[in-house]
Number of protein chains: 2
Amino acid sequence: MTDPAGPEATPTPVTSAAVARRAGVSRATVSYVLNGQAAGRVGARTQARVRAAAEELGYVPHAAARSLRAGRGRIVLLAAPADAVPAFGPLFADFLAGFQTALHHLGYTGVLHGAPAASPLAAARDWAELRPAAVLALHGPPLDAAAVELLKRSGTAAVLTTGPQAPPGAHALLLDQREAGLRAGAHLLAAGRRRIGVVLPADPRLAAFAEPRLAGVRDAAAAHPGAEVRPLVLARTEESATRLAARWPALGLDAVFAYNDEYAMLLLRALQDAGRAVGAAPGRIAVVGADDLLLARLLRPRLTTVRAETAAPDRIAHLVDALIRDPSAPPAAHRLGTFHLVPRESA
Amino acid sequence: MTDPAGPEATPTPVTSAAVARRAGVSRATVSYVLNGQAAGRVGARTQARVRAAAEELGYVPHAAARSLRAGRGRIVLLAAPADAVPAFGPLFADFLAGFQTALHHLGYTGVLHGAPAASPLAAARDWAELRPAAVLALHGPPLDAAAVELLKRSGTAAVLTTGPQAPPGAHALLLDQREAGLRAGAHLLAAGRRRIGVVLPADPRLAAFAEPRLAGVRDAAAAHPGAEVRPLVLARTEESATRLAARWPALGLDAVFAYNDEYAMLLLRALQDAGRAVGAAPGRIAVVGADDLLLARLLRPRLTTVRAETAAPDRIAHLVDALIRDPSAPPAAHRLGTFHLVPRESA
DNA sequence: CGACCGAAGTTACACGTGTAAGTCGTCGAG
DNA sequence: CTCGACGACTTACACGTGTAACTTCGGTCG
């Protein structure tokens with residue numbers, strides 16, 4: 001477009017050498033100028049000439065060459081195995097957008113990789129090919145020690161993991177799911193409920209999130225003599241919800257905490273279809289969901305839910321940056337956020 | 001872990017040279033063996049030795065070095081600007097998972113990049129740094145000719161774009177949104193409806209999807225004398241839906257096609273709250289959604305919706321592969337899938 | 001017996017970048 | 001006038017790969 005040699009005449013790649021030729025300087029000078037290391041090395045006029053040449057040619061540095069030279073690149077890899085897809089949602093999308101933006105401002109390229117792998121080690125191998133500065137393993141099968149070691153040996157400065165337990169050498173990003181259960185349980189118990197069902201998704205890939213939530217409800221119940229907690233398994237289908245609702249009389253529960261607003265909605269609807277009343281009033285079944293999705297406000301009764309107040313994505317990005325700059329920092333657990341209850345009509 | 005020199009004693013990176021030393025061969029031999037070019041060049045015993053050495057050392061090729069040498073890498077970049085996040089959803093997550101898996105089997109690394117950019121050209125520059133084999137621009141502001149040219153000059157073999165119009169030089173991945181409107185409109189008209197509202201999201205970033213859907217309804221209506229189509233703007237909030245429902249009597253519509261199941265749900269709920277009956281029966285307001293989300297089945301009445309039958313992600317992956325192998329293929333539009341109607345209770 | 005050939009490897013270069021170390025005037029101080 | 005210091009660059013090397021071109025060597029054929 002701004003190419004003076006004509007539109008089709010230049011299949012030659014635009015390298016820093018091309019910029020150097022055009023500006024009439026050496027390649028090293030170009031590198032110094034374009035990386036801001038020119039103070040006291042290159043004169044102002046020359047700098048301007050280099051910048052102009054780069055602009056005119058549409059020069060883009062070759063990230064591969066750069067990371068080859070530097071040993072590691074400026075890529076931050078967000079690894080979320082395709083297996084863990086159910087975890088995607090509006091919350092995750094928002095997080096992703098904010099995080100990548102923040103990384104971009106810090107000079108990194110945040111990138112999401114979702115291909116599934118046969119084993120943690122195989123996954124680590126795939127990731128290591130890109131020689132990322134940091135790897136943030138979001139969900140899926142936890143990394144093991146061997147995987148972390150492989151990443152570190154291939155130059156990854158920081159390995160972070162979500163979930164309660166991080167393998168040796170990796171940092172943990174902690175969003176204590178127990179707290180979600182704790183908040184929901186406390187709310188229900190304060191309202192006088194004593195026989196609480198906890199809906200767990202049938203999908204085993206979500207167990208890592210669901211189990212601690214159940215444990216949290218149990219913790220809350222421990223303080224109340226006579227309180228009882230009952231796990232209930234539910235698949236993400238209408239049929240499964242209908243079956244569970246049919247069993248309801250035998251269960252004798254007066255409250256439920258569902259894994260998710262979606263699961264809450266499934267069960268709530270099935271209970272209503274089976275002729276049982278849902279709501280906060282005594283005698284009705286109290287239902288609490290989680291994640292505060294849009295649909296929670298559209299249900300009738302409106303869904304009481306537990307919501308994560310996540311740390312701003314920027315803060316996580318800065319944390320990652322700090323860990324990259326100081327790779328020797330001892331692995332630690334970093335708290336990601338807290339849960340609180342959003343009371344509405346259903347409990 | 002399998003490192004004989006001890007756990008902490010090897011900060012030295014594992015390169016193909018290390019593998020070569022260990023196997024007692026030259027580096028070139030390692031390269032030939034590990035890339036499957038060894039037929040007729042390297043003996044079986046030597047191949048086995050090389051493979052064993054690579055395994056023991058945990059060798060991972062350096063993608064940067066590889067793409068430096070090859071001119072371009074094996075990365076396929078899925079560009080979905082953070083601005084376009086509302087487009088994320090279960091559908092997109094499923095697509096992403098399948099697509100990345102398929103690419104993985106073809107030897108590519110599919111990667112999602114979501115950082116926003118000031119301009120198409122700036123975005124292209126960010127992407128070009130990674131020297132991807134192909135770029136698949138999913139949503140957001142359309143690429144312009146300059147951006148495509150920059151990518152191609154930096155070695156990108158194929159540039160694909162969703163949406164109706166692709167800039168010169170780029171291939172178009174076409175999911176004709178008009179068809180969604182066409183199907184919904186035809187269904188409503190066949191049921192005798194003549195005054196059809198079309199809900200458009202207030203978010204301007206979704207206009208690229210919404211406008212063609214509206215056009216589709218108009219096309220359907222053109223065949224029916226007396227049919228009228230009325231665009232309605234709705235934000236993704238309860239308040240907005242309530243306001244729209246309040247205006248309903250003045251509008252005098254007997255049917256609605258909503259941009260999305262979520263928007264349909266918002267409006268449906270607001271209409272019900274305002275005391276208006278929704279359903280397929282004459283006299284009720286007919287509502288058709290889109291995308292067939294889980295919530296469509298959980299609403300009462302159950303939501304009639306339009307669903308995209310997308311081409312399998314594998315097929316798209318293979319298309320991308322073909323375009324990378326033959327970069328000279330003239331830009332064309334590739335049809336991605338078709339829409340069909342899922343009749344339920346609301347229309 | 002010499003020429004030729006194929007198998008089995010090896011040598012050597014290129015890819016684009018960052019940066020330490022070197023060069024070459026010029027200017028100021030002694 | 002000499003010498004060192006300094007500004008403004010350039011030279012040269014390293015990073016880890018892939019692959020074309022070359023070597024070496026045992027065997028075959030004319």
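Letters A, B, ... are given to chains in the order of the sequence lines, protein chains preceding strands, and every chain is numbered from 1. The figures here come from the full heavy-atom set of this structure, side chains too, leaving out hydrogens, waters and symmetry mates.
Distance from the side chain of B:R41 is smallest for C:dG9 among the nucleotides C:dG18, C:dG9, C:dG16. Here the side chain of A:R66 is nearest to one of D:dT10, C:dG18, C:dT10, namely C:dG18. Out of D:dT10, D:dT19, C:dG16, the shortest distance to the side chain of A:H62 is found at C:dG16. Residue A:L68 has its side chain nearest to D:dG16 when only D:dG18, D:dG16, C:dT11 are considered.
Taking only side-chain nitrogens and oxygens, A:R69 never comes nearer than 4.0 Å to OP1 or OP2 of C:dG16. An OP1 or OP2 oxygen of D:dT17 is reached within less than 4.0 angstrom by a side-chain nitrogen or oxygen of B:Y59. The side chain of A:S31 contributes no N or O atom lying less than 4.0 Å from OP1 or OP2 of C:dT19. Taking only side-chain nitrogens and oxygens, A:T29 comes nearer than 4.0 Å to OP1 or OP2 of D:dT10. Note on B:T46: a side-chain N or O is less than 4.0 Å away from OP1 or OP2 of C:dG9. Close to C:dG16, at under 4.0 Å from its OP1 or OP2, lies no side-chain N or O of A:T15.
No donor-acceptor contact under 3.5 Å links the side chain of B:Y32 to the base of C:dA7.
As a whole-Å value, the separation of B:L57 CG from D:dG16 P is 14 Å. In this structure, A:R131 atom CZ and D:dC15 atom C1' are separated by 11 Å, rounded to whole Å. A:R27 has its CZ atom 12 Å from the P atom of C:dT19, to the nearest Å. Taking atom CZ of B:R45 as the reference point, atom P of C:dG9 lies 10 Å away to the nearest angstrom. A:Q47 places its CD atom 9 Å from the P atom of D:dC9, with the value rounded to the nearest Å. Summarising the geometry, the separation between CD on A:E129 and P on D:dG18 is reported as 10 Å, rounded to the nearest angstrom.
Within the model, atoms CZ of B:F95 and CD of B:Q100 stand 9.5 Å from one another, a figure rounded to the nearest 0.5 Å. Summarising the geometry, atom CZ belonging to B:R27 is positioned 10.5 Å from atom OH belonging to B:Y32; distances are rounded to the nearest 0.5 Å. Rounded to the nearest 0.5 Å, atoms CG (A:L319) and NE2 (A:H171) are 8.0 Å apart.
No hydrogens or angles considered: nothing links the side chains of B:H113 and B:D126 as a donor-acceptor pair under 3.5 Å.
Both A:G24 and A:G40 sit near DNA chain D, but only A:G40 has its closest nucleotide nearer the 5' end.
Scanning both residues, B:A170 and B:P331, for their nearest heavy atoms gives O-CB, 3.5 Å.
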